[in-house]
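Structure first, commentary second.
When a ligand or atom number is given, it counts from 1 through the structure's own listing order.
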Amino acid sequence: MTDDKPTITKAPDRRRFLKSGLAAAGGVAAFGLAGRAGAVEAGGNSENQAPNVADWSRYLGDGVDAAPYGMPSPYESGVVRRNVEWLTATPESSVSFTPLHQLHGIITPNGLCFERHHGGAAEIDPADHQLMIHGLVDKPLMFTPEDIFRFPPESRFYFLECAANSGMEWHGAQLNSCQFTFGMVHCVHYTGVPLKTLLAACGVRPKAKWLLAEGGDASGMTRSIPMHKALDDCMVVYAMNGEKLRPEQGYPLRLVVPGWEGNMWIKWLRRIEVGDKPWYHREETSKYTDLMDDGTARSFTWVMDAKSAITSHCPENPIRRKGQQVISGVAWSGRGKISRVDVTADGGRNWHRARLDEPVMSKCLTRFYLDWEWSGDEALLQSRAIDETGYVQPTIKALRKVRGAESIYHNNSMRTWRVHNDGAIENVEIS
Ligand code: MTE
Ligand code: CO
């Protein structure tokens, strides 16, 4: 056993390869290209490639105790949330973006869900946390997380989109990036308790028509929510994708408001006040209202209308060779299920019906695919989502006609990726 030891420890060779591979992957990732393919093209060790026996086949790998909480392969180190530094004054009141262009299927891994905080991510000891429900109820109650775990749980898949997603694009194409243009959305399998169960435990009075949800973070975020939504499908959740909420997603308790703007999904949920009218706090007056051309503002624009994004190909995923391609992306609607996605490669002259990947769920991301032959000529890629109510995702021109261009929020228009004849892709606007 001891005699064998030098042979079975990881060969320095292997370590060296890993290091140089990583450096290459990191370098390529900085330009937003896929880490793995990039690493090979940037000079992977061909001695490891078939028909040779690869280095990693010659030695034992790590034991099962090497990573009690596993991490992605180091070759995927470029798959991360990113922020745009100049966008906000400080990272505590800011946003990072989901790397949609590097994800598959419909679920966002927990560590890649975009973050939007108004006062930084609170770090809460669940032993010290309670949710208070009071106001127009027969019996005000305080729930510890442990109390919440005792109610019958439900698990549901939902997308969350910040109302400001694609907000930079109101005046035209901005950043040459799928991540920054569409990445304020994530899709998670939540576990928790229907809000109506907790409200029933407190006995909501007949006069009650609204509630105010409040977060326990430094921003003390609050939003008014109409009672009909609270009693429909809102949840108080404690888990995401099978494990407890991440601190940055509201640990230990978060409100889920399916299909409605992300701002209402109060994180670090500490208080629900039941009342008979809305509170008109900051987040529903000066913020999260939509300025129109005539100077008035739309308010209580809660539902996230149908929208879609082509995630491959896109500026970060250029086309590498002519011929057979798969155009892939995600579509979603706050009104229910996606019923159809159309894709054009010529800026809207001809539309092709994309294949929707199962499962297609209500208020959840839906993955779509379209097989496409690229001739090497310039192309203009767009996708158009249609939901089960018949709502069709608008062009930017049609949207500006009714909404103007001064709003930050609720830009669900189709965006355009221009494919150049070298395969590079650019975010453009066509009219
Ligand atoms: N809740 C609290 N308590 N504090 C916050 O800053 N940000 C809101 C919402 N809930 C916020 C909050 C906004 S604007 C959005 S878009 C979502 O949380 C973002 O959720 P995420 O960080 O899980 O992506
Ligand atoms: Co938001």
* **Identity and separation of the nearest protein heavy atom to atom 1 (N) of ligand 1** => K267 N, 3.0 Å

* Structure fact -> For atom 9 (C) of ligand 1, the closest protein heavy atom turns out to be G262 O, 3.3 Å

Which ligand 1 atoms does [X] reach within 4.0 Å, using its non-hydrogen atoms?
X	result
E115	22 (O)
G215	3 (N)
W265	9 (C), 10 (N), 18 (O)
W268	2 (C), 3 (N), 4 (N)
H186	21 (P), 23 (O), 24 (O)
D217	2 (C), 3 (N), 4 (N), 5 (C), 6 (O)

* Among side-chain atoms of T416 and R418, is any donor-acceptor pair under 3.5 angstrom? -> no

* **Short side-chain donor-acceptor distance under 3.5 Å, S308 and Q393** => yes

* Asked: Of Y409, Y280, Y288, which meets ring-ring contact (aromatic ring centres under 6.0 Å, His included) against F300?
  -> Y280

* Are any of the N/O atoms in R116 less than 3.5 Å from those in ligand 1? -> yes

* Structure fact -> Honestly, for Y288 the part within reach of ligand 1 (heavy atoms, under 4.0 Å) is side chain

* Structure fact -> The answer for which part of N263 has a heavy atom under 4.0 Å from ligand 1 is both

* Are R254 and ligand 1 in contact, using a heavy-atom cut-off of under 4.0 Å? -> yes

* For the residue pair E429 and Q174, establish whether any side-chain heavy-atom pair is separated by less than 4.5 Å. => no

